[in-house]
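Note: hydrogens, waters and symmetry copies are ignored here, and every other heavy atom, side chains too, is used.
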Number of protein chains: 2
Amino acid sequence: MSRVNPNYLQLKSYLFTGIAQKVAAHRNAHPDQKIISLGIGDVTHPFIPAVVSALHKAVDENASLAGFHGYGPSCGYPFLREAIAQEYARLGVTVSSDEIFVSDGAKSDVGNIQELFSPDAVIAVTNPTYTVYIDSNVMAGRAGEALPDGRFSSIVYLPCTRENGFVPDFPERATDLVYLCYPNNPTGTALTREQLAGWVDWAIRNRSIILFDAAYEAFITDKDVPHSIYEIEGAREVAIEFRSYSKTAGFTGLRCGCTVIPKELTAAGPDGAPVPLNPLWNRRQCTKYNGCPYIVQRAAEASHSPEGRRQIAEALSLYHGNAAGILAAAREIGLDAFGGINSPYVWLSTPPKMSSWAFFELLLEKCALICTPGVGFGSCGEGFVRISAFGTRENNLEAISRLKQI
Amino acid sequence: MSRVNPNYLQLKSYLFTGIAQKVAAHRNAHPDQKIISLGIGDVTHPFIPAVVSALHKAVDENASLAGFHGYGPSCGYPFLREAIAQEYARLGVTVSSDEIFVSDGAKSDVGNIQELFSPDAVIAVTNPTYTVYIDSNVMAGRAGEALPDGRFSSIVYLPCTRENGFVPDFPERATDLVYLCYPNNPTGTALTREQLAGWVDWAIRNRSIILFDAAYEAFITDKDVPHSIYEIEGAREVAIEFRSYSKTAGFTGLRCGCTVIPKELTAAGPDGAPVPLNPLWNRRQCTKYNGCPYIVQRAAEASHSPEGRRQIAEALSLYHGNAAGILAAAREIGLDAFGGINSPYVWLSTPPKMSSWAFFELLLEKCALICTPGVGFGSCGEGFVRISAFGTRENNLEAISRLKQI
């Protein structure tokens, strides 16, 4: 008799699904209102010209017998892996192309990476955090029991609060894997070189592995904030890095990202001997994945060209401008706001004694604005909402003027 | 201290990786030879015109602010889910669009589907079989120990041999999940309506679930062979179906497929109560996957149009013609050959007393032809090789003339 994976039954509903339902109800009640979303972190800038022409060219190539590309390498075409390696080289970081695994996006990779590790591995996440880190481990049975407060008994939570500047302390319990996303989703804060070096040092001392989600690195403006964890000495032995084209080159609907697993990186086998993780991930991807579309990889390649990088910089400056406007407006109306400098997200405190969800409802009802309730990312997100700066300039200005009226 | 998932260490090397290495060695030794691949099941026909124009149109749409598509629904855009539902309707089968989950291909889905089930579920596969069914369960710890003969102790193997016409008998042990791929990879044989109805009946009686891989359904020519398991009464309660655009519309490099989970389909929860699998898969996909690219979904939609279907039929007739040529040649040289009628694969017996790998080497050395050793798909594949009919007409004719010379 077939039985379900009991771990799945512990999952709570997906945050953004719940928000979408509330928004739909509001839209039904107020069909004429123009609702502006500052919620889900989705870009709005159209494909940049370099991407558009690379896509057209790749499509035409595949319309001919000689140019047709069928199955590609599961872990990416050499041309793209090489382009990514060169991007690392511009940061002064050496990553070889066979340490780079191209995929359909960082979300899949951060969700799947846990498969490589022991079923009883102890994992740590920041609180608040991107929920995929937790949910993928719940599905795998690593999370323990669901507690009444929404946390899970076996997961180590690292509070990121106003008091610690949203920079987590090291875990107090023995921890095998820690997920770090910096610049951070949802708080919009970044780690300085020294802070990140502290984490690498902690991982080396504890023989732990850092799963470093660098999806937002393109938004970094401070010189003192590293774009890659491999800028830190020793990181190659303790860190896996995830990168994404979604927020940088506007690929949320095109789907491409990559995962870097240095050859030095190992975890212990059953006999205690070190097992390299690079071939293990290769095996995982060759078995359960069949590669990112050729035409999308050509588009990603184009985003690394000089012209592609110039066009991306223009798009990003738009989002940076949006974030600056939101930050200024928040201060004008007397609310504390964090992030938004090295990040497309502003972490906005709610008015005194107002919960995340109550403020979400207020913004929706009074201003027809959608944000993301901070508590949806974890208990330490209570008292905050996440505001995304990915809107169009026009919508962002309109949202700011509505915000100022509450 | 981080430890690896010990199940990964039980995996054998991926079949096609091993073949690629042997071919590379041969190519190095004979750089001037024109090697023809009848190995990996990759199509060669370029994108059909309907797909080319849909892709260009979708790219241009996304080059403008108004037409940009960011994150799409994780389980597919309604336009494509609806087009697939209509394709089912043409078979006389009712599947609603919210039972259809669009993805980046059947390989990912057949690899990931096992996550929904109990970690100790007993699974059955045909022997020979598509190795992803086994490997994904090895990774999850369901396979037991690796035996010296290459099998795994906890997996139920269903022999498909010349004697039983490559149609497996029902499992002798209690089995929770059975993977069936028909038209079959690698043997190229199909199940008649009556044979498939027997399996549905078996699953109902045993409260088991059939994971039905229909990736090759477009190649069916016999009226008596169903294109979907849902053509069989009762299948909605016991079967998940996987479909692919790879072999039909030539999407091996574009990546799109879908999985159908009827709402009636349940498995037992920890308390024995039935748990519907449709929302569980939805939760899995929303968490660890972020949707197939919009432009690829538009291309898939175009393949369902009247003109798309006509263009696909032309491409398929080319492959059918190739298969017929291979079958005839095999008989001419006195080798038994199976499949190739409702399938792009011919299952060719090796010359007397010659192993799969020895015949593979012979074809490579003597004819510069690549095939796939049958034993790579399982012990019952010994004594056979799989020949793919996906080559160009020119290469296929050349391959046939070389075959006739051995």
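- Proximity to chain B (any heavy atom under 4.5 Å) is shown, for Ala63(A), by both the backbone and the side chain.
- Residues Val4(A) and Thr266(B) form no side-chain contact, since every pair of their non-hydrogen atoms from C-beta on lies 4.5 Å or further apart.
- Only the side chain of Leu277(B) comes within less than 4.5 Å of a heavy atom of chain A; its backbone N, CA, C and O stay farther away.
- Highest contact tally toward chain B, considering only Asp135(A), Val51(A), Thr252(A), is held by Thr252(A) [criterion: heavy-atom pairs under 4.5 Å].
- The line from CD of Glu115(B) to NZ of Lys288(A) is 5.5 Å long, rounded to the nearest 0.5 Å.
- One finds the CG atom of Asn5(A) at 10.5 Å from the CG atom of Asp120(B) (value rounded to the nearest 0.5 Å).
- The two residues Arg255(B) and Gly291(A) have their closest heavy-atom pair at CG-O, 3.3 Å.
- Residue Asn206(A) touches chain B through its backbone alone, counting heavy-atom pairs closer than 4.5 Å.
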Evaluate Asp60(A) against His56(B) for side chain to side chain contact (heavy atoms under 4.5 Å, CB included), listing each step before the verdict. CA-CA 9 Å; Asp60(A) 283 335; His56(B) 281 309; 2.7 Å; yes
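- Among Ser118(A), Ser208(A), Gly111(A), the residue with the largest count of heavy-atom pairs under 4.5 Å with chain B is Ser118(A).
- Heavy-atom pairs under 4.5 Å with chain A were tallied for Ala299(B), Pro6(B), Pro46(B); the largest tally goes to Pro46(B).
- Of the listed residues (Ser246(B), Gly141(B), Gly253(B)), the one with the most heavy-atom contacts under 4.5 Å to chain A is Gly253(B).
- Of the listed residues (Asp104(B), Thr131(B), Asn62(B)), the one with the most heavy-atom contacts under 4.5 Å to chain A is Asn62(B).
- When the candidates Tyr294(A), Phe251(A), Tyr289(A) are compared by the number of heavy-atom contacts under 4.5 Å with chain B, Tyr289(A) comes out ahead.
- When the candidates Ile40(A), Ile295(A), Thr44(A) are compared by the number of heavy-atom contacts under 4.5 Å with chain B, Thr44(A) comes out ahead.
- Per-residue heavy-atom pair counts under 4.5 Å with chain A were compared for Asp42(B), Leu11(B), Val275(B), Leu280(B), and the maximum is reached by Asp42(B).
- Note that CG of Leu116(A) and OG of Ser2(B) are 11.0 Å apart. Values are rounded to the nearest 0.5 Å.
- Both the backbone and the side chain of Phe47(B) come within contact range of chain A, judged by heavy atoms closer than 4.5 Å.
- Only the backbone of His69(A) comes within contact range of chain B, judged by heavy atoms closer than 4.5 Å.
- Listed here is the closest heavy atom pair of Met139(A) and Arg283(B): CE-O, 3.8 Å.
- Interface remark: Ser53(B) contributes no atoms to any contact with chain A (heavy atom separation under 4.5 Å).
- Heavy atoms closer than 4.5 Å to chain B are found in the backbone of Ser64(A), but not in its side chain.
- In this structure, Arg3(A) CZ and Ile209(B) CD1 are separated by 11.0 Å, a value rounded to the nearest 0.5 Å.
- Only the side chain of Leu9(A) comes within less than 4.5 Å of a heavy atom of chain B; its backbone N, CA, C and O stay farther away.
- Heavy atoms of Thr392(B) lying under 4.5 Å from chain A belong exclusively to its side chain.
- Each of Gly105(B), Cys286(B), Ala121(B), Pro49(B) has some count of heavy-atom pairs under 4.5 Å with chain A, and the biggest count is that of Cys286(B).
- For Lys12(B), the part lying under 4.5 angstrom from a heavy atom of chain A is the backbone only.
- For a residue to count as touching a neighbouring chain, one of its non-hydrogen atoms must lie under 4.5 Å from one of that chain's; by this rule Gln114(B) touches chain A with the side chain only.
- Looking at Leu65(B), both its backbone and its side chain come within 4.5 Å of chain A, counting heavy atoms on both sides.
- Put simply, of Thr175(B), Thr287(B), Leu55(B), the one with the most heavy-atom pairs under 4.5 Å next to chain A is Thr287(B).
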